[in-house]
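Notes follow the structure.
Counting from 1, the numbers follow the sequence of the chain as shown. This structure is a prediction, so every number in the text was calculated from the model and none was measured.
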Amino acid sequence: MDHRRTEPDLNTGISPVTLYGEFTLTSNRKVRCSVNLTERDLVVQRLTSAPVGRSKAAFSLKDCVGCRAYREDDNADPAAYLAAYFYPLRRRWMSSGVSRQRVEQCFRLAALQDPRANLEEAEKWARAVRERAARQQQLRDGVLLSELPRPCRMMLLVNPQSGKGQALILYNNHIQRMLNEAGVIHTLVITERQNHAREMVKEADLSQWDALVIMSGDGLLYEVINGLLERSDWEEAIRTPLGILPGGSGNALAASVHHYSGASPVSSEELLVSCGFLLCKGLVSRMDLVSIHLSSSPRLFSFLSLAWGFVADVDIESEKYRHVGAARFTVGTLVRLASLRVYKGKLAYLPATKQHNNQEGLRNNTTGHCNNQASSLTPAPVLCRPSRDSSCNNTFHNSCHSNNSLKVRRSESTPSRSATKAPAGPPDSLLVPLDQPLPANWVVVPEEDFVLMLAMYQSHLAEDLLAAPDAALNDGVIHLFYVRAGISRTALLRLFLAMEKGAHLATNCQHLVHTKVRALRLEPYSPKGIITVDGEVVEYGPLQAEVHGGLSRLITG
C-alpha cells in the first residue's frame, strides 16, 4: 500500500490523502480505479482517458454506515473484495427535495497471488474506512454524544400489524440489509399481542443487548418505556439506548429524530431509510420523559404527547381509516371539523423559568454518558394500557431472515402484572396530590372552554405535523398548546395546514396559546371525552404531569 501525504485541494476542499490504492471494480474487472481514503472522504477515480471531472467521485464518510472485506467462495480466485456502503442525500428523481439513497462502492483487490495477503490488505482498508467514518459525527452542535459499542447487539421489536401492516416487508426491503452493512448483530422479535413487548422488556436480561429498537408506530415504544420503568432495576434499565424505526401510521418520534438531524422533511419509506441510517451511526442522546398521574389509575410515563379535545378525538376516531396509513389523520381532521366540539375544563401549569432553561442548556452540553442520579427514590406506579400499534394476532415465527432471529412463542393472554404491582420510578418533586390545591406559583388559565389542549415534548405530532418546532430531545420542558373556544372551522383548518411546516405559531391566531412549562394539571368538566398519551387512550378525568429531563436514552445518529 502506498502511504502518501498531499496538500489540501483548494478547489474541492477534500482533505489530504492518507491511503491510496488501485483496484478494479467488482461489477466490471476491466475498469481500474484509483482509490484515495482521506480523513473525510473516499475518493474514487476511474483510470481512463475521460476528463477527470467525469470520472472522479468523492463519497463523504459522514454518509458511510459500514465497510467490509471478504473473499468469494471460488478457491481458484485469489482476489479479495472491499465493499463500502453509503447513504448520501441526493435529489429525488421524480420530485423536488433530497432524500438518503443507497450507494455501494465495491472493489476487487488482486495485486498478489496469495489470497490471504489480498484479504489482509482489504481488511486493512475496511478498518480504516470504519474508524474514520465513526469519527465524523461524535460532535453535533457542540454537544458530545456517546456511541454504541462496535459490534453492536440490538433487539429489534417489530409489530407486523402496525400502520398498513407492512412493517415486516419494510424490514426485509430496507432495514435488514442496512443493519448487516453496518455490522450490527440484531435479533428480530415479532410482537404477537397487546403488551407483548412490555412483558418482554420487564423480564429480559438487558445485559445481552446494547440497544432495544422498535419498528412500529409510537405505541410500541410506549409499551417498552413503561416496561423498563416497571423493573426493579429501573434506574439502570431506563438508560438502555432505544431506537425508533417508523413502521406505523403516526411515526411522530421517528419524524422528530429525523428533524433533529437537520435533514429536510421526508415521509414514508424515505423516512424509514433516514432513521435506519441514523440508527446505524449509533450515536446516543438523552431524552426527556414525562410522568403522568391519573385520578384512579397508576402513574404512567410518556415520551411524546398528552392530548385532550380535538387532537385526541381525531387520533382515536381516525382508527377506522388505519388502512390508508398516515393519511388517516387528515381524513379524521376533516371529519371532526365538520362537527366541531367545545370541551369544558380547568387547565393550570407551572411555567418554565429562564433560570431553569439556562440550567438545561448547560446540561445539554455534556456527554451522553451522563447517568441520571436519584437518591431516596420511592416507588411510583405505572399505568398499563393496551397499545393500539402493538395489538396483533400474527402467525409469523422466524419468517424473516435476520442474522439472529429469535422465535417467540405465543402464550395465553393474561392480565398484566403492572395493573396490580406498582413499579419504581423517579419521584415527582413539583406535583401535589390531585385532590389538593395547586401551589401558589402555578398559573391557572382563566378560560374554561377549549377546542383542544396539547402537551408536546418532541417536535412532531405525526410525520407531517411539526407541532412543536422549538422542541428538543432533552430541553427539560413541556411545550403546552391550547386553543380557546370561539375559533372558526376555517381558522382551525388553517392552523393545522400551517402546522405541516411548523408555521402555525406565526399565524398570530388569537385563539392559540403556546407556553413552555415544567408541569401541568387538567381537570375536565365534561362527563365524557378522550384523553390520549403518546396516542394511547387513558382514563378520562383529572390528571397532572411533570417532565423528567434526560431520563431516557435515544439513538439519534
Hydrogens and angles aside, do Gln458 and Tyr260 bring a side-chain donor and acceptor to less than 3.5 Å of each other?
yes
To check you understand the geometry: which heavy-atom pair defines the closest contact between Gly243 and Leu279, and what is its length?
CA-CD1, 4.3 Å
Do the side chain of Asn28 and the main chain of Leu25 share a donor and acceptor less than 3.5 angstrom apart?
no
How long is the straight-line distance from CG of Leu304 back to OH of Tyr457, given to the nearest 0.5 Å?
7.5 Å
Would you call the rings of Tyr81 and Tyr70 parallel, tilted or perpendicular, where under 30° means parallel and over 60° means perpendicular?
parallel
Test Val224 against Ile214 for side chain to side chain contact (heavy atoms under 4.5 Å, CB included), laying out the working first.
CA-CA 9 Å; Val224 169; Ile214 289 82; 4.0 Å; yes
Any sub-3.5 Å donor-acceptor pair from Arg130's side-chain atoms to Cys67's backbone N or O?
yes
Val284 versus Leu148: any side-chain heavy-atom pair under 4.5 Å?
yes
Closest non-hydrogen atom pair, Leu461 against Ala467:
CB-CB, 3.9 Å
Any pair with a residue in residues 148-159 that passes salt bridge (Lys or Arg N to Asp or Glu O under 4.0 Å), sequence neighbours left out, goes on the list, sorted by first then second residue, please.
Arg153-Asp210
Just verifying a value: how many Å separate Leu245 CG and Leu170 CG, rounded to the nearest 0.5 Å?
10.0 Å
Donor-acceptor under 3.5 Å (Asn36 side chain, Tyr20 main chain):
no
Please test Arg132 against Thr18 for side chain to side chain donor-acceptor pair (under 3.5 Å), starting from the C-alpha separation and ending with a verdict.
CA-CA 11 Å; Arg132 292 170 195 188; Thr18 54; 2.3 Å; yes
Whether the side chain of His196 engages the backbone of Glu192 through a donor-acceptor N/O pair (distance < 3.5 Å, no angle test) should be reported.
yes
Judged by atom type as modelled, is there a donor-acceptor pair below 3.5 Å linking the side chain of Arg553 to the main-chain atoms of Gly550?
yes
So how far is it from Leu228 CG to Ser552 OG, rounded to the nearest 0.5 Å?
7.5 Å
Looking only at atom types and distance, does a side-chain atom of Glu22 sit under 3.5 Å from a main-chain N or O of Val35, one as donor and one as acceptor?
no
Side chains of His258 and Ser274: donor-acceptor distance under 3.5 Å anywhere?
yes
Side-chain contact, heavy-atom cut-off 4.5 Å: Leu37 with Leu61?
yes
Quick one: are Glu500 and Leu466 in side-chain contact, heavy atoms under 4.5 Å?
no
Is it the case that Asp41 and Ser60 place a side-chain donor and acceptor less than 3.5 Å from each other?
no
Which heavy-atom pair separates Leu473 from Ser285 by the least distance, and what is that distance?
CD2-CB, 3.6 Å
Is atom CD of Gln208 surrounded by more than 12 heavy atoms (other residues, nucleotides or ligands) closer than 6.0 Å?
yes
When you compare the side chain of Leu253 with that of Leu554, does any pair of heavy atoms fall below 4.5 Å?
yes
Does CZ in Arg46 sit with more than 12 non-hydrogen atoms of other residues, nucleotides or ligands closer than 6.0 Å?
no
Does any donor atom in the side chain of His460 or Asp464 lie under 3.5 Å from an acceptor atom in the other side chain?
no
Carefully, step by step, assess Leu156 and Met215 under the rule side chain to side chain contact (heavy atoms under 4.5 Å, CB included).
CA-CA 7 Å; Leu156 178 57; Met215 184 169 178; 4.2 Å; yes
For the pair His259 (side chain) and Ser459 (backbone), establish whether a donor and an acceptor sit closer than 3.5 Å, ignoring hydrogens and angles.
no
When rounded to the nearest 0.5 Å, the distance separating NZ of Lys202 from CG of Leu229 is 12.0 Å
Note: Leu82 and Ala122 closest approach over all heavy atoms is CD1-O, 3.6 Å
List the steps, then state whether side chain to side chain contact (heavy atoms under 4.5 Å, CB included) holds for Ile238 with Leu289.
CA-CA 10 Å; Ile238 198 59; Leu289 295 182; 4.1 Å; yes
Side-chain donor/acceptor of Ser162 to backbone N/O of Gly247, under 3.5 Å
yes
Can we say Arg116 and Glu121 salt-bridge, meaning some charged N sits less than 4.0 Å from an Asp/Glu carboxylate O?
no
Contact between Cys280 and Leu179 at the side-chain level, heavy atoms closer than 4.5 Å - yes or no?
yes
Among Asp534, Asn226, Thr532, find the one that has a side-chain hydrogen bond (donor to acceptor under 3.5 Å, both in side chains) with Ser302.
Asp534
Should the pair Lys281-Glu147 be classified as a salt bridge under the 4.0 Å nitrogen-to-oxygen rule?
no
Donor-acceptor pair, side chain of Glu223 and main chain of Asn195, under 3.5 angstrom
yes
To the nearest 0.5 angstrom, please state how far the CG atom of Leu206 sits from the CE atom of Met155.
7.5 Å
According to the interplanar angle, ranging from 0 to 90°, do the rings of His186 and Tyr171 count as parallel (below 30°), tilted (30 to 60°) or perpendicular (above 60°)?
perpendicular
Distance-minimising heavy-atom pair for Pro265 and Arg92:
O-NH2, 3.7 Å
For the residue pair Thr24 and Arg32, what are the closest heavy atoms and their distance?
CG2-NH1, 3.7 Å
Where at least one partner belongs to residues 63-76, residue pairs that pass salt bridge (Lys or Arg N to Asp or Glu O under 4.0 Å), sequence neighbours excluded
Asp63-Arg100
Could you walk me through whether Val273 and Tyr87 pass side chain to side chain contact (heavy atoms under 4.5 Å, CB included), step by step?
CA-CA 9 Å; Val273 171; Tyr87 285 82; 4.0 Å; yes
Is the backbone of Arg90 close enough, under 3.5 Å, to the side chain of Gln101 for a donor and an acceptor to pair up by distance?
yes
Nearest-0.5 Å distance, CD of residue Gln166 to CD of residue Glu269:
9.0 Å
State plainly whether the residues Glu236 and Arg231 are in salt-bridge range, i.e. N to O under 4.0 Å.
no
